[in-house]
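What follows is one structure encoded as structure tokens, with my remarks underneath.
Just so you know, these numbers come straight off a predicted model, no measurement behind them.
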Amino acid sequence: MRRLTLCLALVLAVSITIVPYRVALANPSGSLSLQTTANDLIAAVNALRIANGLPAYTTNPILMQVAQD
């Protein structure tokens with residue numbers, strides 16, 4: 001049981017470190033902008049989803065406005 005927990009912790013640690021690396025690869029300029037908008041974030045997430053064979057998210061303008069407020 002302890003070995004299984006250790007293996008799961010290792011897999012989790014590796015997956016946490018790979019995600020920022022993959023996001024950095026999606027940004028070839030090498031720098032992340034501090035002026036990222038909600039639409040930029042959704043576009044980046046959708047690009048990753050499509051690259052992994054998942055459907056893109058759709059946005060709801062009312063929910064977006066409520067979240068911004």
Side-chain angles (χ1 to χ4, degrees):
M1 185 66 172
R2 185 175 207 144
R3 188 174 193 165
L4 177 62
T5 304
L6 179 62
C7 288
L8 289 175
L10 180 62
V11 168
L12 180 63
V14 169
S15 64
I16 288 172
T17 58
I18 288 175
V19 171
Y21 175 73
R22 291 186 72 185
V23 170
L25 287 179
N27 183 7
S29 67
S31 64
L32 295 175
S33 171
L34 295 178
Q35 299 297 321
T36 302
T37 66
N39 289 329
D40 294 337
L41 178 62
I42 292 169
V45 168
N46 281 339
L48 285 173
R49 289 180 59 83
I50 291 169
N52 288 300
L54 298 170
Y57 286 132
T58 57
T59 58
N60 181 315
I62 295 171
L63 292 177
M64 292 293 285
Q65 185 60 46
V66 169
Q68 292 296 317
D69 290 342

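More than 12 heavy atoms of other residues, nucleotides or ligands shown are found within 6.0 angstrom of CG on Leu41.
Applying the side chain to side chain donor-acceptor pair (under 3.5 Å) definition to pairs two or more places apart or across chains, those involving residues 56-66 are Arg49-Tyr57, Gln65-Asp69.
For Ala56 against Ile50, the heavy-atom pair with the smallest separation is CB-CD1, 4.1 Å.
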